[in-house]
Amino acid sequence: MTKYVFITGGVLSGLGKGLVTCSIGKMLEVRGYKVTAIKCDPYLNVDAGTMNPYIHGEVFVLDDGYEADMDLGTYERFLKGGFSKFNNATSGQIYQEVIRREREGSYLGKCVQIIPHVTDEIKRRIRLMAEKSEADVVLVEIGGTVGDIEGLPFLEAIRQLIYEEKRVDTTLVHLTLVPTLSAVGEPKTKPTQHSVKELRAIGLKPDLIVARTEFGRLEHEYKAKIAGTCNLEERAVFSSINVSILYDLPLELENQGMGPLIVEYLGLNGNKPDWAEWTDMVTSYKKPTDVINIAMCGKYAELADCYVSVNEALRHSAAKAGCQVNIDWIETEVFEENIKKAKILDGYDGVLVPGGFGLRGAEGKIIAINRARVYNIPFLGICYGFQLATIEFARNMAGLEGAHSTECVPEAPHPVIDLLPEQKEISKMGGTMRLGANKIEVEAGSMAARLYGTTEIKERHRHRWEVNVEYFEMLEKAGAKFTAVSKEKKLKEILELPDKYFFMGTQFHPEFKSRPWAPSPPYYGFVKSAYDKKMGKPKPEF
Ligand code: GLN
């Protein structure tokens with residue numbers, strides 16, 4: 001019998017609904033329940049792949065190649081289960097399916113409507129997820145804010161679902177904001193009351209309220225006020241406070257008594273929770289005192305939320321290496337005007353060039369890579385960073401003047417990075433990159449093989465361009481070590497320069513598989529090297 005926890009949000013966006021969802025999931029997992037989650041996104045995009053990450057946040061790639069909303073990344077970093085395209089339902093997908101069936105004639109002459117046809121499809125997707133996952137509990141997170149027009153079909157669908165399922169099999173958690181204005185100094189519950197009123201107007205009643213607060217846990221007086229005005233028990237009002245590390249939130253909410261209450265509301269038998277592993281992990285994040293400084297090289301415009309997984313992979317690795325990591329964003333476009341400005345990188349313990357697209361800023365990133373290589377600063381290049389590192393090497397070590405990627409310079413004299421023939425024919429942008437987890441063969445004895453502890457790995461991709469087969473030999477003769485290739489097409493996947501303290505580029509995005517309890521090997525190698533070098537130690541033996 002599947003149980004459902006619905007999570008909605010009110011007042012405003014960006015309160016951390018994904019984190020609360022994951023915290024609830026963790027509370028259930030440590031009690032031995034199998035949990036999965038589905039994110040319902042009210043936007044009309046079919047997936048997040050075509051959305052601008054600089055506005056919408058990182059596009060998170062799953063094993064199956066699905067380009068998901070970044071909340072799926074949070075799910076994967078907190079919860080045990082594997083996730084696939086079935087864990088994300090967008091309005092785009094729902095409408096596409098309803099319209100497909102309408103064209104097929106499956107509605108037998110009926111007028112096709114939001115209720116029941118769209119809401120039925122939403123319920124079908126949620127129940128299908130429940131069935132496929134065989135989870136004890138399915139978390140259903142509704143994106144957006146209550147009151148948004150576009151979210152209404154999803155809220156109506158969960159209203160129906162709650163009505164159709166047994167009372168004890170569902171519970172609704174509503175996340176709101178309880179602001180405190182410094183001039184008044186008192187937490188204000190009115191926005192929460194209004195938000196619950198909005199919910200009630202569409203037939204939903206929250207069983208638990210999580211109040212996002214900036215100034216610590218809400219006191220009895222305010223919890224009682226929320227309980228009294230929103231029709232729930234005072235013990236069902238929780239505070240999502242500021243936490244120094246994200247992975248602390250499940251423990252914080254558990255300490256407020258949320259775990260036992262959810263279990264009680266869902267009529268589960270209440271196994272004893274085992275938090276030991278999670279607590280150890282959180283402690284390993286807080287304990288270290290040494291700090292390494294990493295230069296993340298790119299364009300300012302890329303800042304925001306676009307590199308959440310990269311930042312998290314660095315933090316996972318730092319916890320394992322026993323240090324803290326400080327990440328500074330370095331604007332590399334300024335290096336293009338004045339190359340001397342790249343000297344700033346010498347003050348860093350590591351240089352990272354993450355994934356990216358397009359010509360603007362590419363030369364500046366190449367200058368940064370050159371500085372890291374020549375001055376032996378630990379370097380990690382991800383996807384575009386790997387391609388640009390190959391270009392830098394081609395120009396300066398293999399004598400290939402004007403080497404470039406045809407993404408930037410279509411007529412480059414040496415197109416060391418080029419499109420595969422099958423990519424050249426593609427005109428539609430959605431879902432057409434090289435996506436998802438592919439098998440990769442790693443050369444035995446290479447640093448990559450030692451870091452991974454195996455010669456066969458699976459990592460996730462999201463790109464179109466590749467190292468051009470015509471240049472393999474020339475680059476390798478000049479000393480580039482491509483220590484991994486894709487199993488199927490033998491495309492270059494990893495570049496190493498073994499005589500450097502640490503220099504690695506990966507065509508894939510290892511950050512998508514980094515977990516707080518299992519850091520991504522390339523990131524770990526990079527962070528550990530940066531830390532050891534800072535401490536004046538010899539090059540680490542991986
Ligand atoms: N722009 C490059 C490509 O499409 C790299 C993409 C990326 O870094 N994700 O191949």
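Read the numbers this way: they start at 1 and go in the same order the structure lists the ligands and their atoms. Since the structure is predicted, the reported quantities are computational estimates derived from the model, not experimental observations.
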**Study point:** Gly355 neighbourhood, listing ligand 1 atoms whose heavy-atom distance to it stays under 4.0 Å
**Key:** 8 (O)

Exercise for review: Indicate the ring-plane relationship of Phe508 and Tyr452, choosing parallel, tilted or perpendicular according to the 30° and 60° boundaries.
Suggested key: perpendicular

Check your understanding: With a cut-off of under 6.0 Å to the ring centre and 45° to the axis, is Lys26 in cation-pi contact with Trp517?
Key -> yes

Practice item. Would you kindly check if the NZ (Lys) or CZ (Arg) of Lys492 is within the cone defined by 45 degrees around the ring axis of Phe472 and under 6.0 Å from the six-membered ring centre? Key: yes

Exercise for review: Under 4.0 Å from a heavy atom of Gly356: give me the atoms of ligand 1 that qualify, with their elements.
Suggested key: 1 (N), 2 (C), 5 (C), 6 (C), 7 (C), 8 (O)

**Study point:** Lys/Arg cation over aromatic Tyr501: Lys539, 6.0 Å, 45° cone
**Key:** no

**Study point:** Identified salt bridge (Lys or Arg N to Asp or Glu O under 4.0 Å) counterpart of Arg460 within the set Glu67, Glu511, Glu76
**Key:** Glu76

Check your understanding: Do Lys528 and Phe542 meet the cation-pi criteria used here (NZ or CZ under 6.0 Å from the six-membered ring centre, within 45° of the axis)?
Key -> no

Review point. Counting only heavy atoms, which portion of Gln387 has something under 4.0 Å from ligand 1: side chain, backbone, both, or neither?
Key: side chain

Review point. For ligand 1, which atoms, with element, lie under 4.0 Å from some heavy atom of Trp465?
Key: 3 (C), 4 (O), 10 (O)

Check your understanding: Which protein non-hydrogen atom lies closest to atom 3 (C) of ligand 1, naming both residue and atom, and how far is it?
Key -> Arg464 N, 3.5 Å

Point to revise | Atom indices of ligand 1 within 4.0 angstrom of Arg462 heavy atoms, with elements | key: 6 (C), 7 (C), 9 (N)

**Study point:** Heavy-atom nearest neighbour in the protein, as seen from atom 2 (C) of ligand 1, with distance rounded to 0.1 Å
**Key:** Glu407 OE1, 3.2 Å

Review point. Just which atoms of ligand 1 are under 4.0 Å from any heavy atom in Cys383?
Key: 5 (C), 6 (C), 7 (C), 8 (O), 9 (N)

Exercise for review: Using only heavy-atom distances, determine whether the side chains of Asn87 and Tyr75 contain a donor-acceptor pair under 3.5 Å.
Suggested key: no

Exercise for review: Check each atom of ligand 1 against the heavy atoms of His509 and keep those under 4.0 Å away; list them by number with element.
Suggested key: 9 (N)

